[in-house]
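Working notes for the structure below.
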Protein chains: 2
Amino acid sequence: MPRIFVRMLSKTCEYGLRAMIFIAQHSRDGKRIGISQIAEGIDSPEHFIAKILQVLGRKGIVQSIKGPNGGFYLDEKGRKCSLATIVRALDGDDLFNGCGIGLRQCSPVHPCPIHDEFKKIREDIETMLEGARIGEFTEKLDEGLLFLKRN
Amino acid sequence: MPRIFVRMLSKTCEYGLRAMIFIAQHSRDGKRIGISQIAEGIDSPEHFIAKILQVLGRKGIVQSIKGPNGGFYLDEKGRKCSLATIVRALDGDDLFNGCGIGLRQCSPVHPCPIHDEFKKIREDIETMLEGARIGEFTEKLDEGLLFLKRN
DNA sequence: ATAATAAAAGACAAAAATGTCTTTTAATCG
DNA sequence: CGATTAAAAGACATTTTTGTCTTTTATTAT
């Protein structure tokens with residue numbers, strides 16, 4: 001029996017989203033933000049989020065520079081990046097496509113019992129994640145209307 | 001990096017739902033259905049689904065009898081049981097309650113950046129799973145309009 | 001009662017996800 | 001240049017989930 005902990009997104013993905021939102025907030029005006037501050041700021045294991053950002057970095061979703069005054073930052077494209085892009089990069093797109101009860105061949109002509117119901121939900125999730133852009137959250141965070149970690 | 005395999009429900013839960021739907025279909029008129037037929041019928045590992053049904057059995061969600069002519073079956077209550085009941089029994093209710101990006105203290109007064117959007121999705125999932133009853137699928141399965149496994 | 005059947009239970013194994021530590025590479029500054 | 005800084009990469013450890021195998025218990029039929 002599972003340890004009772006189901007999530008819509010993987011931990012990797014959760015950390016990835018929080019980190020991207022955090023970086024967006026802290027890398028304005030050409031500034032960069034270091035990995036240890038990111039980890040502290042979003043309450044995640046430092047080396048774990050480092051790995052995640054490496055994946056996003058290789059895909060050009062986040063920018064980074066090594067050495068003194070180095071760190072992570074977002075370019076214009078990164079700020080406009082949708083949450084869906086990040087989810088896809090980290091969790092793949094099974095969340096948007098997969099069958100609700102795990103059948104590979106589930107399709108309109110070969111529907112599983114809850115095919116149609118799940119389809120609607122999946123579309124809503126995709127729409128929501130496609131619609132939300134990383135840069136959007138910066139302002140609300142500044143105003144203290146949103147929180148990325150406890151305290 | 002995750003092996004790219006995110007699901008809305010755990011495997012345990014997927015198998016559990018498929019098994020319950022299968023049992024509903026094959027335990028009419030006082031009949032019972034054996035674990036090996038269930039495993040074959042829903043395309044799952046036999047001993048794994050056995051464990052899952054034990055959990056559901058202890059909670060009174062599915063019935064079983066040992067020995068010759070024994071097997072699993074559903075009583076009236078079982079047939080009326082919602083998918084949500086099964087999901088809760090196997091995966092807990094984090095799916096309905098948890099924060100989208102994994103913050104424990106996420107709440108209306110302490111919202112994470114995508115709190116409101118996720119809330120709506122969660123409610124829709126819950127509504128869908130509460131609304132669908134195990135017994136509902138039997139007829140469509142009989143008519144060959146639904147499938148629990150490939151072929 | 002005994003044998004056969006079938007689920008329950010327990011122990012263990014494999015795979016995947018998550019988390020940690022160390023070494024390497026690249027950039028900057030003195 | 002050499003020293004320092006910080007990310008990248010690689011190796012490894014832990015936990016959770018998923019899957020398998022064996023033994024036990026309960027029921028039925030002979």
Side-chain angles (χ1 to χ4, degrees), chain A residues 1-16 18-19 23 26-27 30-40 42-73 90-92 94-95 102, chain B residues 1-16 18-19 23 26-27 30-40 42-73 90-92 94-95 102:
Chain A
M1 312 106 242
R3 196 62 71 256
I4 294 202
F5 210 74
V6 169
R7 283 191 238 63
M8 203 170 311
L9 302 175
S10 69
K11 271 277 172 196
T12 295
C13 204
E14 287 178 3
Y15 290 150
R18 304 220 296 267
I23 294 168
H26 290 86
S27 69
K31 284 211 295 276
R32 289 139 202 172
I33 180 81
I35 194 69
S36 58
Q37 291 158 284
I38 295 170
E40 207 282 326
I42 68 171
D43 201 27
S44 79
E46 179 170 330
H47 295 279
F48 194 33
I49 189 60
K51 295 268 176 235
I52 294 165
L53 290 175
Q54 281 164 30
V55 172
L56 295 177
R58 274 181 230 119
K59 300 195 179 192
I61 294 172
V62 70
Q63 265 56 49
S64 67
I65 307 191
K66 292 179 178 180
N69 276 307
F72 293 85
Y73 65 99
L90 296 175
D91 274 359
D94 282 24
L95 182 60
Chain B
M1 314 101 238
R3 195 64 71 261
I4 296 209
F5 211 75
V6 169
R7 282 191 264 353
M8 203 170 309
L9 303 174
S10 69
K11 270 278 171 197
T12 295
C13 203
E14 287 179 2
Y15 291 149
R18 304 219 298 264
I23 294 168
H26 289 86
S27 71
K31 286 211 295 276
R32 290 136 199 174
I33 179 81
I35 193 71
S36 56
Q37 291 157 284
I38 296 171
E40 206 285 323
I42 69 171
D43 201 27
S44 80
E46 179 171 329
H47 295 280
F48 194 32
I49 190 60
K51 294 267 175 236
I52 295 165
L53 289 175
Q54 283 164 30
V55 173
L56 296 176
R58 273 183 230 118
K59 300 196 179 190
I61 295 173
V62 70
Q63 266 56 47
S64 67
I65 307 190
K66 291 180 180 180
N69 276 306
F72 293 86
Y73 65 99
L90 296 175
D91 274 357
D94 282 25
L95 182 60

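Throughout, protein chains are lettered first and strands after them, A, B, ... in sequence-line order, and every chain is numbered starting at 1. Worth knowing before you read on, the calculation uses all heavy atoms, side chains too, and leaves out hydrogens, waters and symmetry mates.
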Item to check | Backbone of Ser10(B) reached by a side-chain donor or acceptor of Asp91(B) within 3.5 Å | outcome: yes
Next on the checklist: Tell me the closest heavy-atom pair linking Gly70(B) and Arg32(B), and the distance in Å.
Outcome noted: O-CB, 3.8 Å
Checklist entry - If you look at every strand shown and take non-hydrogen atoms under 4.0 Å, does Gly71(B) touch a base, only sugar-phosphate, or nothing? => result sugar-phosphate
Checklist outcome for this item: Testing dA9(C), dG19(C), dA7(D) for proximity to the side chain of Tyr15(A), the answer is dG19(C)
Checklist outcome for this item: All heavy atoms of Leu95(A) vs all of Met8(B), minimum pair found to be CD1-CE, 4.3 Å
Item to check | Pairwise 5' ranking along DNA chain C for Ala50(B) and Pro45(A), keeping only the more 5' one | outcome: Ala50(B)
Item to check | Step-by-step side chain to side chain contact (heavy atoms under 4.5 Å, CB included) determination, Phe72(A) to Ile38(A) | outcome: CA-CA 9 Å; Phe72(A) 293 85; Ile38(A) 295 170; 3.8 Å; yes
Checklist entry - At what angle, to 10 degrees, do the two end axes of the helix from dA1(C)-dT30(D) to dG30(C)-dC1(D) meet, given five pairs define each axis? => result 0°
Checklist outcome for this item: Smallest heavy-atom separation, Val62(A) atom then Leu53(A) atom, equals CG1-O, 3.6 Å
Item to check | Closest-nucleotide 5' rank along DNA chain C - winner of Ile49(A) and Ile65(A) | outcome: Ile49(A)
Next on the checklist: Between dT18(C) and Lys11(A), counting only base atoms on the nucleotide and side-chain atoms on the residue, is there a donor-acceptor pair under 3.5 Å?
Outcome noted: no
Next on the checklist: Check this one for me: any side-chain N or O of Thr12(B) less than 4.0 Å away from OP1 or OP2 of dT18(D)?
Outcome noted: yes
Checklist entry - Could you give the NE2-to-P distance, from His47(B) to dA14(C), as a whole number of Å? => result 16 Å
Item to check | Leu90(A) CG - dA16(C) C1' separation (whole Å) | outcome: 16 Å
Checklist entry - Does Ser36(B) place a side-chain N or O at less than 4.0 Å from the phosphate oxygens OP1/OP2 of dA6(C)? => result no
Checklist entry - Out of dA6(D), dT5(C), dT18(C), which has the shortest distance to the side chain of Lys66(A)? => result dA6(D)
Item to check | Protein-nucleotide distance (Asn69(B), atom CG; dA6(C), atom C1'), rounded to Å | outcome: 10 Å
Item to check | Separation of atom CG in Leu56(B) from atom C1' in dA8(C), rounded to whole Å | outcome: 14 Å
Next on the checklist: Can you tell me if Arg32(A) touches the phosphate of dA6(D), counting only side-chain N or O atoms and a distance under 4.0 Å to OP1 or OP2?
Outcome noted: no
